[in-house]
Amino acid sequence: MAMNKLKKWIPSKRKLMQLYFGLLFNANLKGYVTGNIYRGGTKSVCVPGMNCYSCPGAVGACPLGSLQGSFSADKSTLFYVGGILLLYCVMFGRLICGWLCPFGLVQELLYKIKTPKLKKSPVTRLLSILKYILLAVFVFLIPILYAFKDTPLPAFCKYICPSGTLEGGLGLLANKVNESYFSMLGPLFTWKFLLMVSILIGCIFIFRLFCRFLCPLGALYGLFNKISVFGIRLDRSKCIDCGKCISHCKVDIRHVGDRECVSCGECIDVCPTQAIKWKGTGIFLRENDIPKEKAQKRRTVTRVITAVLMIALLAGALVYYWNEDSAPAAQQGNAIGDLCYGYDLEIIDETGILTDTVNPVKTGKITIVNFWGTWCTPCVNELPYFDQIAKEYADEVTVIAVHTHMVSETAPPYIASYYPNSEIIFAKDYPVDDTGLNGGYYSSLGGRGVFPYTLVLDEDGIIVASFLSSVEYEQLKEVVENQLN
């Protein structure tokens, strides 16, 4: 009795494999400490499972996000990403979902919480079609349509993906060093957060809810299940159509190995005629022509060698990413290519109340910093351009309008009159000398008495463009589009 209870707490080989690959795909443990995203060389390689690029621990790219982004890139990128995905599809199919996907493990652990469960039915089987619709619309149709406009839009990642919200969004927000990000959150994050919570709660009651009904990556892999090299296969000559495999399976399969099958292998144990087997095992180990005892010994040796190599690989990856700098530190400065100086600027609203602070270097987005003043005619004339950019690219770009220290008391009533509901973040500069003619941040970023003055930073806070005196909307848009592409 005690032994049976103990066995329930011992993870299966499949769970251990899921945990292993979850750690391997997120081997940059230093990212959880520093709150930074790894941007080294391996980030150009797609991992097989659903694992967000923006997760602090991620050492590879998400195949789904890379595919959506490749439609707006050059042909070589599309062929590169498409080739990797095709390789995964042909080699493994949905075996990846059952054994390698970190988000699949999260769902299965949630399902272990003791509650009443919703079993599969004709309704759940019908709902499984939804992921193919999401694949067609959000992974292919919308990104391709936007690619014709030269504007990348990874629609599934942006509007739906719960894995990205959990691993990337919450993973970054959980670190204290990124607390300034909270002031940048908007309706889109609220929507994705509520969607993620709904899906995770649903996974407590429904086995692998996201995998079965919503995951476009699983839908893509499932299309190749029948021809994949590895996975589950059924020997029809031994099958007696008892139906035990179908009734035992928790997902919406119609027959073993179809496009809904995640190749978990649980059906192998319940088959009375041993008609269900693993595909592809003969590539590594042939047993038909050798004695049973010798075959068992060979299997044991193979497992030991494989386990040692896998543990060594994981240990090596953890040590490597902990000690590696993902990119050489950029020199701080105020020239193009320099890391912009960061400073917590006080945010002001139309009432003049100081509501919070914003650091232009830590927004996590493309950031436009515009130095202006209500007394400066060119400044107020170009503010509508910044307002338009802030609205048009609300999810990708942060616009910070920093009022000069001179007569800063005139800013709140001006904001109240002309920009009461703007997406622009209005802030004020701080004094740097007794004359009050210059602001400290303005001066540190190269300002020399000329207004307006504008800098554009990429997501890492690197200065990519600067405009001394007035700037036009088309110029701003061109810089933003170049960064997005």
Side-chain angles (χ1 to χ4, degrees), residues 49-50 63-64 67-68 89 92-99 101 103-113 115-143 155-157 159-166 191-192 194-228 231-234 236 239 241-267 270-271 276:
M50 184 78 75
L64 207 58
L67 178 62
Q68 295 169 82
C89 289
F92 304 106
R94 292 204 76 180
L95 180 76
I96 292 170
C97 303
W99 291 77
C101 181
F103 198 62
L105 175 61
V106 171
Q107 295 174 78
E108 290 194 27
L109 293 177
L110 288 172
Y111 189 74
K112 283 186 171 293
I113 298 174
T115 59
K117 306 298 182 183
L118 181 65
K119 304 298 182 181
K120 64 180 181 180
S121 67
V123 175
T124 61
R125 184 169 293 169
L126 183 63
L127 287 174
S128 67
I129 299 174
L130 182 58
K131 62 179 173 289
Y132 298 97
I133 298 174
L134 293 177
L135 173 67
V137 176
F138 283 86
V139 177
F140 286 101
L141 181 60
I142 294 177
F156 182 81
C157 296
Y159 297 114
I160 298 175
C161 184
S163 176
T165 308
L166 177 65
W191 153 253
K192 289 193 67 180
L194 293 175
L195 181 62
M196 177 204 70
V197 171
S198 301
I199 289 172
L200 294 181
I201 291 175
C203 289
I204 297 174
F205 306 97
I206 303 173
F207 183 75
R208 279 188 172 237
L209 179 149
F210 177 73
C211 292
R212 290 163 63 187
F213 309 141
L214 301 173
C215 182
L217 186 60
L220 182 63
Y221 287 151
L223 297 175
F224 291 81
N225 253 3
K226 189 174 182 179
I227 64 170
S228 63
I232 294 289
R233 66 180 176 87
L234 175 67
R236 293 298 310 177
C239 180
D241 293 317
C242 64
K244 288 184 177 181
C245 52
I246 306 296
S247 60
H248 182 77
C249 184
K250 297 186 184 73
V251 300
D252 303 279
I253 63 171
R254 295 179 182 273
H255 56 80
V256 172
D258 68 9
R259 64 173 183 262
E260 298 301 321
C261 176
V262 296
S263 298
C264 66
E266 292 184 9
C267 55
V270 300
C271 180
I276 306 172

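Quick caveat: nothing in here was measured; it's all calculated off a predicted structure.
- Contact annotation: the side chain of Cys211 approaches that of Arg94 to within less than 4.5 Å [non-hydrogen atoms, C-beta and beyond].
- Side-chain polar atoms of Thr115 and Lys117 form a donor-acceptor pair below 3.5 angstrom.
- Taking each heavy atom of Gly164 and Cys161 in turn, the nearest pair found is N-SG, 3.3 Å.
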Let's go through Val139 and Leu134 carefully: what are the C-alpha distance in whole Å and the side-chain angles of both, what is the deciding distance for side chain to side chain contact (heavy atoms under 4.5 Å, CB included) to 0.1 Å, and is it a yes or a no? CA-CA 7 Å; Val139 177; Leu134 293 177; over 6 Å; no
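- Looking at Asn225, its side chain never comes within 3.5 Å of a backbone N or O of Ser228 through a donor-acceptor pair.
- Note that CE of Met196 is 10.5 Å distant from OG of Ser163, once rounded to the nearest 0.5 Å.
- Residues Glu108 and Phe207 meet the side-chain proximity criterion, which asks for heavy atoms closer than 4.5 Å.
- Looking at heavy atoms from C-beta onward, Pro63 lies in side-chain contact with Tyr221 at the 4.5 angstrom threshold.
- The CG atom of Leu135 sits 11.5 Å away from the CG atom of Leu130 when rounded to the nearest 0.5 Å.
- Between Leu223 and Cys89 there is no side-chain heavy-atom pair separated by less than 4.5 Å.
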Trace of the side chain to side chain contact (heavy atoms under 4.5 Å, CB included) decision for Ile199 with Phe213: CA-CA 10 Å; Ile199 289 172; Phe213 309 141; over 6 Å; no
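- When all heavy atoms of Cys157 and Gln68 are compared, the pair lying nearest together is SG-NE2, 3.2 Å.
- The aromatic rings of Phe156 and Phe210 sit tilted relative to each other, their planes meeting at an angle between 30° and 60°.
- For the salt bridge (Lys or Arg N to Asp or Glu O under 4.0 Å) test with Asp252, the passing option among Arg259, Arg212, Lys120 is Arg212; the others fail.
- Counting only distance, with no hydrogens or angles, the side chain of Arg125 and the backbone of Ile253 share a donor-acceptor pair below 3.5 Å.
- Remark: Gln107 CD to Ile206 CD1 distance equals 11.0 Å, nearest 0.5 Å.
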For a side chain to side chain contact (heavy atoms under 4.5 Å, CB included) check, start with the C-alpha distance between Cys264 and Lys250, then their side-chain angles and the critical distance, and finish with the verdict. CA-CA 10 Å; Cys264 66; Lys250 297 186 184 73; over 6 Å; no
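- Pairing each heavy atom of Ala155 with each of Pro143, the nearest pair is N-CG, 4.2 Å.
- Rounding to the nearest 0.5 angstrom, the gap separating the CG atom in Leu220 from the SG atom in Cys215 is 9.5 Å.
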Could you go through the side chain to side chain contact (heavy atoms under 4.5 Å, CB included) check for Arg236 and Asp241 one step at a time? CA-CA 9 Å; Arg236 293 298 310 177; Asp241 293 317; 3.2 Å; yes
With salt bridge (charged side-chain N to carboxylate O under 4.0 Å, His left out) as the test, would you mind laying out the steps for Lys131 and Glu260 before giving the verdict? CA-CA 11 Å; Lys131 62 179 173 289; Glu260 298 301 321; 2.7 Å; yes
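- From Leu118, atom CG reaches atom CD1 of Ile204 across 13.5 Å, with rounding to the nearest 0.5 Å.
- Note that the CG atom of Leu234 and the SG atom of Cys267 stand 8.5 Å from one another [nearest 0.5 Å].
- Of all heavy-atom pairs between Val256 and Cys245, the closest is CG2-SG, 3.6 Å.
- Leu209 has its side chain out of reach of Tyr111: every pair of non-hydrogen atoms, C-beta onward, lies at least 4.5 Å apart.
- A heavy-atom distance below 4.5 Å is found between the side chains of Leu126 and Ile129.
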